[in-house]
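Scope of the values below: all heavy atoms of this structure, side chains included, with no hydrogens, waters or symmetry mates.
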Amino acid sequence: MRFFSIVLFVILFILLSLYIFIKQKEDTIKIGVLYSKTGTMKSEESVIYDMLNFAVEELNQNGGVLNKKVEIVEYDGASEPMEFEKGAKVFIDNGIKVIFGCWTSASRKAVKEIIEDNDALLFYPVQYEGVESSKDIVYLGSTPNQQ
């Protein structure tokens, strides 16, 4: 009886693993890109937006991540912190939990609580004040004392 239980468990494990493997093959990895394509910050933020598009294209040409293509889903922050907040909520509501975005401290602060409450991840590319830390935000820029 014990042998039968072990064999049944192994078969179920293999079938479940195959199902997950096949299902994952069909999916893409979606990332949110939350920068201003309009408004006063457009000229600064469009450069990093273009760089992200280039990086994702190159990544996909080389097989993607774990053999999955990476897909950018974008939202225009329109240079307004409240619009950034709306964008973060749209991403979370659509199951996107990795976001590259925000250029100003005001836009980062507008999305911080949403990111943290939903255990998402924000990659913030520029320098910041340094008084803030979060396990859910990757601060890529330096703080004033590091310059």
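Under the ring-ring contact (aromatic ring centres under 6.0 Å, His included) criterion, Tyr35 pairs with no residue, sequence neighbours left out. A search for side-chain contact (heavy atoms from CB on, under 4.5 Å) contacts involving Glu129 returns Ser105, Arg108, Lys109, not counting sequence neighbours.
Here Ile92 sits in one hydrophobic cluster together with Ile114; the rule is ILVMFWY side chains under 4.5 Å apart, joined directly or through other members.
Shown here is Glu113, whose CD atom has no more than 12 heavy atoms of other residues, nucleotides or ligands within 6.0 Å. Annotation: Lys42, atom NZ; neighbour count of heavy atoms from other residues, nucleotides and ligands within 6.0 Å does not exceed 12.
With Asp136 contributing its side chain and Leu121 its backbone, the two residues share no donor-acceptor pair below 3.5 Å. Of the possible polar contacts, none joining the Ser79 side chain to the Ser36 backbone as a donor-acceptor pair under 3.5 Å is found. Remark: side-chain polar atoms of Lys69 are paired, donor with acceptor, to backbone N or O of Asn60 under 3.5 angstrom.
Between Lys30 and Ile96 the shortest heavy-atom distance is O-CG2, 3.9 Å. Minimum interatomic distance between Trp103 and Val126 (heavy atoms only, all atoms of both residues): O-CG2, 3.1 Å.
At least one side-chain heavy atom of Lys112 sits less than 4.5 Å from a side-chain heavy atom of Ile137. Side chains of Ser46 and Lys37 form no contact here, defined as non-hydrogen atoms less than 4.5 Å apart. Residues Phe123 and Val98 are in side-chain contact: their nearest non-hydrogen atoms beyond the backbone lie under 4.5 Å apart. Counting only heavy atoms from C-beta outward, the side chains of Met41 and Glu44 approach each other to under 4.5 Å. A heavy-atom distance below 4.5 Å is found between the side chains of Ile115 and Ile99. Using a 4.5 Å heavy-atom threshold, the side chains of Asn94 and Val73 count as separate. A 4.5 Å side-chain heavy-atom check between Phe84 and Cys102 finds at least one atom pair inside the cut-off.
Classification of the Phe91-Tyr75 ring pair by plane angle, with boundaries at 30° and 60°, yields perpendicular.
To the nearest 0.5 angstrom, Glu45 atom CD is 8.5 Å from Leu34 atom CG. A distance of 8.0 Å separates CD1 in Ile48 from CG in Leu140, rounded to the nearest 0.5 Å.
Using a cutoff of 4.0 Å between basic side-chain nitrogens and carboxylate oxygens, Lys135 and Asp119 are scored as salt-bridged.
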Apply side-chain hydrogen bond (donor to acceptor under 3.5 Å, both in side chains) to Tyr139 and Glu132, showing your working. CA-CA 10 Å; Tyr139 301 90; Glu132 169 186 295; 2.7 Å; yes
